[in-house]
Amino acid sequence: MKVAFVFHRANYLKLYGPIIDAALRRGWQVECWLDDVPMGDKDYLRVPPELISAQWGARVGVRQFEQPADVARLNAQVRPNAIISLLPRSRYMAAPGHERFLTLQYNVDTFTIATLQEHLSSDYLCLYAPAWLDYAAQYYAQVSDTDAATAAAQLADKVVYTGFPQMDVFAHIDREAVRARWAIPEGKKVVLALPLDLMGWPGVWPAFFQSTGLSQLRHLLKGRKQPGFVRQYWPWALKGWNDTALAEAIKQFAEHNNAVLLLKGREKDPIREAWRARAFLNFYDEQHYPATVHEAIAIADACILFYSTAVQEAVYAGVPVVCIDRPNRDTVKHQLWRQAHVGGPYNFPGAVSWQSLPEAITTLPEQRLADLTMDAHAREEYLARYNGPADHRASERILNLVTA
């Protein structure tokens, strides 16, 4: 069997890596087709051939392309049994060919970057778990003229629930080796935080929250044109509830629990000095497979985040999560997914606890890690709803579709 993976970004390796390894274990031929278009200020996400060869050497073939239509040309030339992509078939070719085309879920982005009709062009749409079909139906009902029931019925013929393939990597991460490489002191616990993103958000809130003292008061007054802004955030300015206070609270939480604080940021959202100065380690994506964030989660005793999709990865790894609230972007994607209701992905008692920003600033410093212990039953319920089985076999289920 021969299978090809379509890459547009280097971080796709986080998702594809376990599937490529599984295909190689089966003795299959594997190729990676790499987008060779410059990415401007995001060129750090460009995927060079060396990224693949460093991981698998000559065992994995590499070809490059510049236009989406080039994928159809490579398909005709190489004739793989299957193409695996994060985008649907219609982005590359007008009609089905000899290949079986599998589109993999990439969290909420799967639905925001492709239309319902585009997804119907693939042979399979591999989703993590049934909750995601409900999400897709609600999303397409709000952004198109399709009602939710119709969207769900159309997608149902294409959807297969495979689980979360990038989670398979947790079966192979050597936690002691990671601790040693990062020089985590013996006997110390680890608190992992994914810092609050304040870049590129509309309105005055990011500047208000980032500032201190009189500067924060000035930014508060700039928000007087937004209904209710001054009334809601006046107490924050008076009490010093800001980005620096939040970073300090998280640092104190780590110290109170004999833990070191690790910060995992993204290059497009640089870690601010208020956070950087308080951490034991600061890092971005030092590697894509195993992903830096997965290694950090693997050694963490608790994970603190702000509506990050890493919540699913942490729960999979058995790491209790604290989700801290923040103002939301006013898009359908965020409205449907970044929800604080009990039973949602960011407020799931026994696995994910939810706190407001003022609550986090005032109570985290004295909170105990023991209070965040993962409940086995809650974790199983969470995984069944949002991730699929935690059996490290999602990659195998995807490959089984190639030979089905």
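- For Asp301 (side chain) and Lys189 (main-chain N/O), no donor-acceptor pair under 3.5 Å exists by modelled atom type.
- Partners of Glu359 by salt bridge (Lys or Arg N to Asp or Glu O under 4.0 Å), not counting sequence neighbours: none found.
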Legend entry - Test salt bridge (Lys or Arg N to Asp or Glu O under 4.0 Å) applied to Glu186 and Arg179, step by step: CA-CA 9 Å; Glu186 186 175 353; Arg179 286 182 63 100; over 6 Å; no
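- For Leu357 against Asp325, the heavy-atom pair with the smallest separation is CG-O, 3.1 Å.
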Inset, instruction - Mind running salt bridge (Lys or Arg N to Asp or Glu O under 4.0 Å) on Asp243 and Arg272 for me, showing each step along the way? - result: CA-CA 9 Å; Asp243 192 43; Arg272 297 177 294 283; 2.7 Å; yes
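- Checking side-chain atoms of Tyr382 against main-chain N and O of Pro345 turns up a donor-acceptor pair under 3.5 Å.
- With hydrogens and angles ignored, the 3.5 Å screen pairs no side-chain donor or acceptor of Arg63 with any backbone N or O of Val78.
- Judged by distance alone, the side chain of Lys158 and the main-chain N or O of Tyr124 form no donor-acceptor pair under 3.5 Å.
- Judged purely by distance below 3.5 Å, without hydrogens or angles, the side chains of Trp275 and Glu273 never pair a donor atom with an acceptor atom.
- Taking the six-membered ring for Trp and thresholds of 30 and 60 degrees, Trp132 and Tyr128 have ring planes more than 60 degrees apart, a perpendicular arrangement.
- The OH atom of Tyr139 lies 9.0 Å from the CG atom of Leu336; values are rounded to the nearest 0.5 Å.
- Between the side chain of Arg278 and the backbone N or O of Ala247 there is no donor-acceptor pair closer than 3.5 Å.
- From Thr309, atom OG1 reaches atom CZ of Phe164 across 7.0 Å, with rounding to the nearest 0.5 Å.
- Within 6.0 Å of the CD atom in Gln226, the count of heavy atoms belonging to other residues, nucleotides or ligands exceeds 12.
- Checked against a 6.0 Å centroid threshold, the rings of Trp182 and Phe283 count as neighbours.
- Between the Trp236 side chain and the Asn242 main chain, no donor and acceptor come within less than 3.5 Å of each other.
- Between Leu262 and Val190, the closest side-chain pair of non-hydrogen atoms falls below 4.5 Å.
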Legend entry - side chain to side chain contact (heavy atoms under 4.5 Å, CB included) between Val6 and Ile84, intermediate numbers included: CA-CA 6 Å; Val6 183; Ile84 296 178; over 6 Å; no
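- A distance of 12.5 Å separates CG in Asp123 from CG in Asp157, rounded to the nearest 0.5 Å.
- Atom CG of residue Leu86 and atom CG of residue Asn107 lie 10.5 Å apart, to the nearest 0.5 angstrom.
- Looking at residues two or more places apart in sequence or on another chain, you find a salt bridge (Lys or Arg N to Asp or Glu O under 4.0 Å) between Arg397 and Asp391.
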Inset, instruction - Please assess Ile324 against Leu196 for the test side chain to side chain contact (heavy atoms under 4.5 Å, CB included), listing each intermediate value before the final yes or no. - result: CA-CA 9 Å; Ile324 300 176; Leu196 173 62; over 6 Å; no
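- At a threshold of 4.5 Å between non-hydrogen side-chain atoms, the residues Leu194 and Cys303 count as touching.
- With values rounded to the nearest 0.5 angstrom, Met93 atom CE is found 7.0 Å from Arg89 atom CZ.
- Checking Gln55 against Gln287 by side-chain atom types alone, no donor-acceptor pair falls below 3.5 Å.
- Counting heavy atoms from C-beta outward, Pro80 and Asn75 have side chains that approach closer than 4.5 Å.
- Counting only N and O atoms by type, the side chains of His392 and Tyr316 include a donor and acceptor under 3.5 Å apart.
- A side-chain donor-acceptor contact under 3.5 Å links Tyr307 and Trp354.
- Relative ring orientation between Tyr92 and His8 is described as parallel, the plane-to-plane angle staying below 30° on a 0-90° scale split at 30° and 60°.
- Side-chain N or O atoms of Arg385 include none that pairs as donor or acceptor with a backbone N or O of Ala131 at under 3.5 Å.
- With sequence neighbours excluded, the residues satisfying salt bridge (Lys or Arg N to Asp or Glu O under 4.0 Å) with Arg181 are Glu295.
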Inset, instruction - Go through Lys333 and Asp109 one step at a time and tell me if the salt bridge (Lys or Arg N to Asp or Glu O under 4.0 Å) criterion holds. - result: CA-CA 8 Å; Lys333 175 177 79 170; Asp109 289 345; 3.6 Å; yes
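- The stretch residues 93-119 participates, sequence neighbours left out, in these ring pair (Phe, Tyr, Trp, His ring centres under 6.0 Å) pairs: Phe111-Tyr135.
- Between Tyr233 and Phe208, the ring planes lie tilted relative to each other; the angle falls in the 30° to 60° range.
- Separating the CD atom in Gln138 from the CG atom in Leu133 is a distance of 10.0 Å, to the nearest 0.5 Å.
- A donor and an acceptor atom, one from each side chain of Glu313 and Gln166, are located under 3.5 Å apart.
- Side-chain contact, Asp285 with Tyr44: no donor N or O sits under 3.5 Å from an acceptor N or O.
- In this structure the side chain of Phe170 reaches within 4.5 angstrom of the side chain of His294, judged on heavy atoms.
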Inset, instruction - Dump the intermediate steps for salt bridge (Lys or Arg N to Asp or Glu O under 4.0 Å) on Asp35 and Arg46, then the final yes or no. - result: CA-CA 8 Å; Asp35 191 336; Arg46 193 173 181 181; over 6 Å; no
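- For His219 and Phe229, the ring centers are positioned 6.0 Å apart or more.
- Taking Arg26 as the reference, Glu396 meet the salt bridge (Lys or Arg N to Asp or Glu O under 4.0 Å) condition, with sequence neighbours excluded.
- Side chain of Arg100 to backbone of Leu401: a donor-acceptor contact under 3.5 angstrom is found.
- The closest side-chain heavy-atom distance from Thr162 to Gln105 is not below 4.5 Å.
- In this structure the side chain of Ile398 reaches within 4.5 angstrom of the side chain of Leu102, judged on heavy atoms.
- Using a distance-only test at 3.5 Å, with no hydrogens or angles considered, a donor-acceptor pair links the side chain of Asp168 to the main chain of Ser395.
- Taking Glu381 as the reference, His377 meet the side chain to side chain donor-acceptor pair (under 3.5 Å) condition, with sequence neighbours excluded.
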